[in-house]
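Not measured: the values here are computed from a predicted model. Hydrogens, waters and symmetry mates play no part in the numbers below; they use all other heavy atoms, side chains included.
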Amino acid sequence: MNQFKALLLKEYKEAFRDKRALMVALMMAFMAPIMIVVMSKIIIEKAVDQPPVYIKFTGSEYAPKLIEHFKKENLLSFADVPEKDKAIWDERNIVINIPDSYAKDMADGKPIKVFLQADFNDKAVGPPVRRINGAVRDFSLSIGYKRLLLRGVDVRLLNPVKLVEQDTAKPDATFILISMLMGVYMMMAAFMSGLSVAIDSSAGERERNVLEMLLCQPVSTLKIVLAKLCSASTISFIGVLLVIVLTTISVGFVDLTKVGATFSLDIVKASTLLMLLLPICFFASACQLFLAFQTKSFKEAQSTVNMIIAIPAFVPFALMMMDDRPQWLDWTPIAGQSLIIEDIFKGVEVNWLAMLATSGVTIAVTVALVLAVANKLKSEKVVMALS
């Protein structure tokens, strides 16, 4: 036990010695809350606000009521565009052509073709075009209903079956995307914060010949690996803790009530998140140590280990795209934690059995990785980077 304490103390001293490297390692924890606030505000503005759309009308004098309907939907004439936005809307070049026969065809009850011209491959044009389509459809329906009423036809005959949707989701569930981003940042903090410590204590020590001297001492390779794992995991856990605390503070600056949601992270939820993410911290550090010891140099270790940072970002998005998710994914590392974090932010009761299962699997994989690294350190090829 004294040997392990001495090894752990040595690893902690080396991890906290370089303050600049430590700040860089924890940068993700400081940047994540800022990114969450900025992205949340953008998402909410897009979901709630209807920014003005400027259209180049030709023949607007033939359809004054249609133009008036567009104005109510904040679809304005290009003549009203502010000078600072003129270049943007001129480039988008959304044009609506109204035929001169509009009034006559309307009076005769004939179909009227209103032409919409735009670059439909331009992503910036997509939302304005959808709003124009919706406005024209609503205007057309209102005219059609009035004509039927004038002819004594009950407009309810057009909708014999009406589907009434009853949303059973809790208010917090309306910001699923925002909550998913929070979960992604928390797991990325677990992977990124301890990254530099894991690489330095493995490939770095090997290049400085510190590892070779350490292995010459009468101490087991398992204790050496466990000390390195605890050191890197501690930094990783500090990163996660900072993300949770700073996110709780920063989200207070976002008006989630615009999307009918509220955010509260009380001590119980925060403790649950920490319990859930603690195994991920050890799992991430174990993966990084395992991969770093497979490389031949510090530079190769950096490029190799950096590749696994994408995993906590990729898995939640892959889960979101799945319509029929296999049950076993609920127990796997990262996927299981990601689903439980989403439930916590939604306000859904935590499935403790699933949490125990995914934590157990994560710990089991971590133990397997630690044993594999400890066994590899007995090989001269790995220690001397000969293979």
Same cluster or not: [X] versus [Y], using hydrophobic residues (I, L, V, M, F, W, Y) connected whenever any side-chain heavy atoms lie under 4.5 Å apart?
X      : Y      : value
Ile98  : Leu116 : yes
Ile132 : Phe120 : yes
Ile143 : Leu148 : no
Leu226 : Val367 : yes

Backbone of [Y] reached by a side-chain donor or acceptor of [X] within 3.5 Å:
X      : Y      : answer
Thr358 : Ala354 : no
Gln217 : Met213 : yes
Gln117 : Val95  : no
Arg131 : Pro127 : no
Ser236 : Ala232 : no
Ser359 : Leu356 : no
Gln337 : Pro333 : no
Ser285 : Phe282 : no

Open item on the list: Is it the case that over 12 heavy atoms from other parts of the model lie below 6.0 angstrom from the CD atom of Glu91?
Closed with: no

Minimum-distance pair of heavy atoms, taken over all atoms of [X] and [Y]:
X      : Y      : result
Ala203 : Thr295 : CB-OG1, 4.4 Å
Cys281 : Ala190 : SG-CB, 4.1 Å
Cys230 : Leu8   : CB-CD1, 3.5 Å
Val125 : Ala118 : CG1-CB, 3.8 Å
Ala135 : Leu75  : CB-CD1, 3.7 Å
Ile334 : Ile280 : N-CD1, 3.8 Å

TODO: Evaluate the criterion side chain to side chain contact (heavy atoms under 4.5 Å, CB included) for residue pair Thr221 and Leu215; output intermediate values, then yes/no.
DONE: CA-CA 7 Å; Thr221 55; Leu215 291 170; 3.8 Å; yes

Side chains of [X] and [Y], heavy atoms from C-beta outward: is any pair under 4.5 Å?
X      : Y      : answer
Lys13  : Leu9   : yes
Val136 : Val114 : no
Asn375 : Leu371 : no
Ile112 : Met106 : yes
Ile341 : Leu277 : yes
Val225 : Leu377 : yes
Phe293 : Lys376 : no

Task: All pairs passing side-chain hydrogen bond (donor to acceptor under 3.5 Å, both in side chains) where residues 99-116 contributes a residue, at least two apart - done: Ser101-Asp105, Lys104-Asp108

Task: Ser77 vs Tyr54, side-chain hydrogen bond (donor to acceptor under 3.5 Å, both in side chains): CA-CA, chis, key distance, verdict - done: CA-CA 5 Å; Ser77 170; Tyr54 297 98; over 6 Å; no

- [ ] Run through the side-chain heavy atoms of Ile, Leu, Val, Met, Phe, Trp and Tyr, join any pair under 4.5 Å, and report what else lands in Ile267's cluster.
- [x] Val268

Open item on the list: Less than 4.0 angstrom from a charged side-chain N to a carboxylate O is my criterion; do Arg208 and Asp200 meet it?
Closed with: yes

Open item on the list: Using the rule ring pair (Phe, Tyr, Trp, His ring centres under 6.0 Å), only one of Phe70, Phe78, Tyr62 pairs with Phe57; which is it?
Closed with: Phe70

